[in-house]
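Structure, as structure tokens:
Everything numeric here is computed off the predicted structure, so don't read it as measured data. Below, chains carry the letters A, B, ... as their sequence lines are ordered, and counting in each starts from 1.
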There are 2 protein chains.
Amino acid sequence: MKRRVTKQRELIIKVLENNRTHPTADWIYEKVKKEIPDISKGTVYRNLQVLLEDGVITELNLDGILARYEEKQKTHYHFKCEKCGRVIDLDEPVLQGINERVAKKTGFKVSGHQAEFHGLCKNCQ
Amino acid sequence: MKRRVTKQRELIIKVLENNRTHPTADWIYEKVKKEIPDISKGTVYRNLQVLLEDGVITELNLDGILARYEEKQKTHYHFKCEKCGRVIDLDEPVLQGINERVAKKTGFKVSGHQAEFHGLCKNCQ
DNA sequence: TTAGGTGCAAAACCTTTGCCATCCC
DNA sequence: GGGATGGCAAAGGTTTTGCACCTAA
């Protein structure tokens, strides 16, 4: 499927580029709405889907209810505060060679991994 | 809140005890229904909530849509097949000391972590 | 007896989809 | 022009909840 450049899609990307908060689809919708007031939620979801397919963004599911999104970047881990719900990027070095180790042990084809820590952030202790 | 022993709750626990498939709430409901035909989905969800609170089971969110549950056990990692969707336990040794390292570096109170690998399982390659 | 639990059904939510108009290339 | 995209609203699917009736302790 050949992609086109639309202002809606561009704005969604821009919102995610300038953002470290791992927003939900709804948050993105509200943000984008300020600039394109009659954008629809369906468009946001459809574009997030497209951007996921194209590998531009990553979907996080730490939540159980809402998906969260972030701009694609090198692998890193997340910390989710159990009290305030914030999701924070960690700069803990990514484990080297662990994908290969799992692949060797299991016979699976391992394309990656993700990890989330949980507990209380500084503000919530 | 004082908990009571009900056949519904006991059966849900039993289903999760004899199960390595990380079932969804709906799967649990269908299973339990065979023994208690007029159990309601609300009861299943309410009990899963209670069991989560009590730390009897763990909720996994690898999916984006459905939550999955498993009996609580010592920390271990999961592998999710991107094709068939199965979630498989790994026996990769859990990383020691990594919670403490993150805690020290960030100042957060870290109570645990989880990790999921993804790729293709043996059957799907 | 009585607070916690259950069934049922409706409500609440998040996400996807169909349809048709619109816009990009 | 033609296919990709967007807006709108309805549909879909999962989870939560209100309420009246049970039941374990």
So do the side chains of A:Thr58 and A:Glu70 get within less than 4.5 Å of each other, counting heavy atoms only? yes
Residue pair A:His113, B:Glu92: steps toward the side-chain contact (heavy atoms from CB on, under 4.5 Å) verdict: CA-CA 13 Å; A:His113 72 276; B:Glu92 185 66 17; over 6 Å; no
Heavy-atom pair with the smallest gap, counting every atom of A:Leu52 and A:Tyr69: CD1-CE2, 4.2 Å
Could you pull out all residues at least two apart from B:Arg68 that satisfy salt bridge (charged side-chain N to carboxylate O under 4.0 Å, His left out)? B:Asp63
Once each nucleotide of nucleotides 1-12 of chain C is scored for protein heavy atoms under 4.0 Å, what B/S/- sequence comes out, 5' to 3'? --BBSBBB----
Round to a whole Å and report the spacing from CG of B:Leu66 to P of D:dT16. 12 Å
For the atom pair CD1 (A:Ile88) and CZ (A:Arg20), what is the distance rounded to the nearest 0.5 Å? 12.5 Å
Considering the options B:Lys33, B:Lys31, B:Lys41, which one meets the salt bridge (Lys or Arg N to Asp or Glu O under 4.0 Å) requirement together with B:Asp26? B:Lys41
Nearest whole Å is fine: how far is D:dT15 P from B:Gln49 CD? 11 Å
Nearest-nucleotide pick for B:Val5, side chain only, options being C:dC14, D:dA25, C:dC25: D:dA25
Measure CZ/A:Arg68 against C1'/C:dT15 and give the value in whole Å, please. 17 Å
Tell me the interatomic distance from A:Glu10, atom CD, to D:dT5, atom P, rounded to whole angstroms. 12 Å
Counting only N and O atoms by type, is there a donor-acceptor contact under 3.5 Å from the side chain of A:Glu82 to the main-chain atoms of A:Cys121? no
Respond yes when some side-chain nitrogen or oxygen of A:Tyr45 is under 4.0 Å from OP1 or OP2 of C:dT15, and no when none is. yes
B:His118: which residues meet the ring-ring contact (aromatic ring centres under 6.0 Å, His included) condition with it, sequence neighbours left out? none
Which residues satisfy the ring-ring contact (aromatic ring centres under 6.0 Å, His included) test with B:Tyr29, sequence neighbours excluded? none
So which one's nearest nucleotide on DNA chain D is more toward 5', B:Ala25 or A:Val44? A:Val44
Please give the angle, rounded to 10 degrees, between the axes at the start and the end of the helix from C:dT1-D:dA25 to C:dC25-D:dG1, where five pairs define each axis. 40°
Take atom CG of B:Leu52 and atom C1' of D:dT16, then tell me their distance rounded to the nearest Å. 14 Å
Can you confirm whether more than 12 heavy atoms, excluding those of A:Lys104, are under 6.0 Å from its NZ atom? no
Which atom names give the shortest non-hydrogen contact between B:Glu59 and B:Ala67, and what distance separates them? OE2-CB, 3.3 Å
Stretch residues 11-18 of chain A: residues that reach within less than 4.0 Å of DNA chain D through a heavy atom: none
